[in-house]
Each structure stands twice: as C-alpha cells, then as structure tokens.
Amino acid sequence: MMRITFIHSDGKGRTEAEAQPGDILLDVAQAHLMPLEGTCEGQMACSTCHVIVAKEDFDRLPPASEEEEDMLDLAAGARRTSRLSCQIVLAEAMDGLTVHIPAESRNMQGAR
C-alpha cells in the first residue's frame, strides 16, 4: 500500500488516502471524495482533474506528455507543478505523494 495526501482547496484540510501501485490518481481522489470532476474520463479532453503536486514530489513523477501540457494551459490556476490527475499512474516510487486541490477550477458539470 502507498500513502497519498490530498491538501484541500482551502489549504487547511487534508485527506490521507491509501492506494496501490498502478492506481490512477484521479480514481483515488474521487474514491476519497475529493472535488475533482474528471469530465472527460481520462481522455485528456478537459482539465477538470487538475491538481498541483507538492514541489518536493514533482520530480518523482514521469514528465507530462505534450497533450497533457496543452490541457494544463487551460486549467484554472495552473502552476509549474500542475498535472492532470487522470494521467498519473501511481508507482511505488511515488509513496508519500502530496497533491493540492486547486482553489479554483473550471467545472464542466451542467455544461451543454
């Protein structure tokens, strides 16, 4: 088992989660009721699963693809350590990962 820490969008609350190597970070977040929508279901057609990876953990992740970088350009409040949680497949080397839920997001629910 791996430990993942989600820092809530208010910057104060935190949720500790357990995950298995091979799990997708978005799935772990949603299972722990984090407000990440994932409208496109991991197809990189939106940025509603945007998270900000803790600076000290960012280099433990594989680099983002060009397609992911393009979608992150559309994410509200994107930073240098922003990633799409649907594109992060957890590996043992990521045990102890900390990610921040952004304070703002572009929610696609209800969009027509």
Side-chain angles (χ1 to χ4, degrees):
M1 281 296 214
M2 304 171 50
R3 304 287 295 166
I4 308 294
T5 301
F6 295 99
I7 307 296
H8 299 187
S9 60
D10 64 6
K12 298 175 186 168
R14 58 192 303 125
T15 297
E16 301 286 335
E18 289 187 345
Q20 296 283 348
D23 286 349
I24 309 258
L25 184 60
L26 174 61
D27 296 338
V28 175
Q30 289 177 334
H32 289 83
L33 306 177
M34 294 296 100
L36 296 177
E37 192 176 329
T39 301
C40 73
E41 300 177 357
Q43 301 302 306
M44 274 196 296
C46 72
S47 60
T48 61
C49 70
H50 164 232
V51 294
I52 301 166
V53 178
K55 288 177 186 160
E56 61 273 13
D57 293 333
F58 187 74
D59 289 336
R60 294 198 285 152
L61 279 75
S65 68
E66 188 173 327
E67 294 86 2
E68 182 181 353
E69 292 283 355
D70 289 345
M71 288 312 306
L72 285 167
D73 288 342
L74 305 175
R79 300 200 179 131
R80 189 187 69 76
T81 62
S82 289
R83 292 294 302 267
L84 298 179
S85 60
C86 71
Q87 297 302 303
I88 299 174
V89 178
L90 297 172
E92 287 184 24
M94 297 175 201
D95 187 25
L97 184 70
T98 298
V99 296
H100 299 258
I101 305 299
E104 58 181 308
S105 66
R106 292 200 172 99
N107 186 324
M108 304 301 282
Q109 285 182 327
R112 301 206 193 282

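What you are looking at is a predicted structure, and each value in this text was computed from that prediction instead of being measured.
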Main chain of Leu36, side chain of Gln30: is a donor-acceptor contact present, judged purely on distance under 3.5 Å?
yes
For the student: nearest non-hydrogen atoms of Val28 and Ala19, plus distance:
CG2-CB, 3.8 Å
If I take atom CE from residue Met94 and atom CG from residue Leu25, how far apart are they, to the nearest 0.5 angstrom?
9.0 Å
Rounded to the nearest 0.5 Å, what separation is found between the CE atom of Met71 and the CZ atom of Arg83?
14.0 Å
Do Gln20 and Met1 pass the side-chain contact (heavy atoms from CB on, under 4.5 Å) test, and can you show the C-alpha distance, the side-chain angles, and the key distance before you say yes or no?
CA-CA 5 Å; Gln20 296 283 348; Met1 281 296 214; 3.1 Å; yes
Please find the pair of heavy atoms, one from Thr39 and one from Thr48, that lie closest to each other, and give the distance.
N-OG1, 2.9 Å
Could you tell me whether a side-chain N or O of Asp95 sits under 3.5 Å from a main-chain N or O of Arg3, the two making a donor and an acceptor?
yes
Mark yes when over 12 heavy atoms from residues, nucleotides or ligands other than Arg60 sit less than 6.0 Å from its CZ; otherwise mark no.
yes
One pair to check against side-chain contact (heavy atoms from CB on, under 4.5 Å): Leu72 and Ser47. What are the steps and the verdict?
CA-CA 6 Å; Leu72 285 167; Ser47 60; 5.8 Å; no
Looking at Glu16, I want to see if its CD is surrounded by more than 12 non-hydrogen atoms of other residues, nucleotides or ligands under 6.0 Å.
yes
Ser9 side chain vs Ile101 backbone, donor-acceptor pair below 3.5 Å:
no
I'd like to know if the side chain of Gln87 and the backbone of Ala64 have a donor-acceptor N/O pair within less than 3.5 Å.
no
Mind running side-chain contact (heavy atoms from CB on, under 4.5 Å) on Leu61 and Leu97 for me, showing each step along the way?
CA-CA 10 Å; Leu61 279 75; Leu97 184 70; 3.7 Å; yes
